[in-house]
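For reference, the structure discussed in these notes is given below.
All of these numbers come straight from a predicted model, not from anything done at the bench. Computed over heavy atoms, backbone and side chain alike; hydrogens, waters and symmetry mates excluded.
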Amino acid sequence: MASNKVNLGIGLATGMFYTAPAGTSLPAYPSASLSDWTEIGAVTSDGITWSTGKDSDPLRNWAKEVERLIASDEGGTVTAPLMYTDKKTLEAIFGSNNVTYTAANSSHGNLTSVTVAPGVSSSPMAFLFIMKDGEDMMMLGTSKGIVREVGDITFSPTDAITWEATIEAASWTFLKDDGQVTS
């Protein structure tokens, strides 16, 4: 079967969002071993949004003609609405230094506490998203990014709690594997 030229950005059912220590190399292809990566959990059905950061600012002369384009200094971002509320997800979003975990005892279950305050941020990490559409597999990742923003969090009786993380990186890599191996 030929590879699709039109793809859906469907998350891989066995895990769609992964993190690793900053500087971890991205896998060579989407179905490669992810032994260096930690599966964080599911992205909502809204999927992820990639903003490439390929903006530029024009330098204009006195006649307002564009003389040169200067690349924007803002890196690309990925916005990912995550739907798990657990230790791994919260550490990926807020940084492990800002998440405290206390094991269950006879008085309470496992406790996960997050500290959010001005000047408190996460550390750089590697981020990876894996997608699959038929035989085609795709990945979008960076070996060094940081969660720049966490969207508003709504606690509602009719919707899942969603942690919308905006991850910024100087560079992102997108790769598509059409699954057509040779013998």
### Message
Restricting to non-hydrogen atoms, name the atom on N98 and the atom on S122 that form the minimum distance, rounded to 0.1 Å.
### Response
ND2-N, 4.2 Å

### Query
Within the distance-only criterion (no hydrogens, no angle test), does the side chain of K132 pair as donor or acceptor with the backbone N or O of G134 below 3.5 angstrom?
yes

### Query
Taking the side chain as C-beta and beyond, is there a heavy-atom pair between E164 and T79 under 4.5 Å?
yes

### Task
Walk me through it: do T77 and R148 pass the test side chain to side chain contact (heavy atoms under 4.5 Å, CB included)?
CA-CA 9 Å; T77 61; R148 181 182 77 186; 3.9 Å; yes

### Within-4.5 Å side-chain heavy-atom neighbours: V150 and T166
no

### Query
What pair of heavy atoms forms the shortest contact from D36 to P21, and how long is it?
O-CD, 4.4 Å

Please tabulate, for the side chains in residues 105-114, all donor-acceptor contacts under 3.5 angstrom to protein atoms that are two or more places apart in sequence or on a different chain.
{"unit_1": "N105", "atom_1": "OD1", "unit_2": "S107", "atom_2": "N", "d": "2.6"}
{"unit_1": "N105", "atom_1": "OD1", "unit_2": "H108", "atom_2": "N", "d": "3.1"}
{"unit_1": "N105", "atom_1": "ND2", "unit_2": "H108", "atom_2": "NE2", "d": "3.1"}
{"unit_1": "N110", "atom_1": "OD1", "unit_2": "Y101", "atom_2": "OH", "d": "3.1"}
{"unit_1": "N110", "atom_1": "OD1", "unit_2": "A104", "atom_2": "N", "d": "2.8"}
{"unit_1": "N110", "atom_1": "ND2", "unit_2": "Y101", "atom_2": "OH", "d": "3.4"}

### Message
Would you say that K176 contacts D136 through its side chain, given a criterion of any heavy-atom pair below 4.5 Å between the two side chains?
### Response
yes

### Task
Could you tell me which non-hydrogen atom of N97 sits nearest to which non-hydrogen atom of S123, and how far apart they are?
ND2-OG, 4.4 Å

### Query
How many angstroms lie between CG in L90 and OG1 in T85, if you round to the nearest 0.5 Å?
6.5 Å

### Query
Would M131 and M16 count as a side chain to side chain contact (heavy atoms under 4.5 Å, CB included) if you check the C-alpha gap in whole Å, the side-chain angles of each, and the deciding distance to 0.1 Å?
CA-CA 7 Å; M131 297 161 272; M16 299 162 260; over 6 Å; no

## Note on the structure
Separation between CE (M138) and CG (D178), nearest 0.5 Å, reads 11.0 Å

## Note on the structure
For Y84, the other hydrophobic cluster members (4.5 Å side-chain criterion, sorted by chain and number) are M83

### Task
State, yes or no, whether a side-chain contact exists between D177 and P30 at a heavy-atom distance under 4.5 Å.
yes

### Query
In Å, rounded to the nearest 0.5 Å, how long is the span from OG1 of T89 to CG of L82?
6.0 Å

### Contact check, side chains of E39 and F17, non-hydrogen atoms, under 4.5 Å
no

### Taking every non-hydrogen atom, the tightest pair across P81 and T162
CB-CG2, 3.6 Å

### Query
With sequence neighbours excluded, what pairs up with K87 under the salt bridge (Lys or Arg N to Asp or Glu O under 4.0 Å) test?
E91

## Note on the structure
Heavy atoms of W37 and T142 approach each other most closely as CH2-O, 4.3 Å

### Task
Evaluate the side-chain proximity of K88 to T38: yes if any heavy-atom separation is below 4.5 Å, no if none is.
yes

### Message
Over 60° means perpendicular and under 30° means parallel, so tell me whether W163 and F94 are parallel, tilted or perpendicular.
### Response
perpendicular

### Task
For F129 and V78, run side chain to side chain contact (heavy atoms under 4.5 Å, CB included): C-alpha distance rounded to whole Å, both residues' side-chain angles, the deciding distance at 0.1 Å, then the answer.
CA-CA 10 Å; F129 298 89; V78 168; 3.7 Å; yes

## Note on the structure
Closest non-hydrogen contact found for W172 with G76 is NE1-O, 3.0 Å

#### Entry: Straight-line distance of L26 CG to S171 OG, nearest 0.5 Å
8.5 Å

### Task
Just jot down the side-chain contact (heavy atoms from CB on, under 4.5 Å) partners of N61, sequence neighbours excluded, or say none.
A63, E65, E67

### Query
What about W62 and V66, same hydrophobic cluster or not, with Ile/Leu/Val/Met/Phe/Trp/Tyr joined at side-chain heavy-atom distances under 4.5 Å?
no

### Task
Evaluate the criterion side chain to side chain contact (heavy atoms under 4.5 Å, CB included) for residue pair I93 and I40; output intermediate values, then yes/no.
CA-CA 10 Å; I93 295 169; I40 299 302; over 6 Å; no

### Query
Can you find a side-chain donor-acceptor pair between S156 and T154 that sits under 3.5 Å?
no

### Task
Hey, could you give me the OG/CE distance between S31 and M139, rounded to the nearest 0.5 Å?
10.0 Å

What donor-acceptor contacts under 3.5 angstrom involve side-chain atoms of residues 41-50, with partners at least two apart or in another chain?
{"unit_1": "T44", "atom_1": "OG1", "unit_2": "D46", "atom_2": "N", "d": "3.3"}

### Message
Restricting to side-chain contact (heavy atoms from CB on, under 4.5 Å), what partner residues turn up for A32, sequence neighbours left out?
### Response
P27, Y29

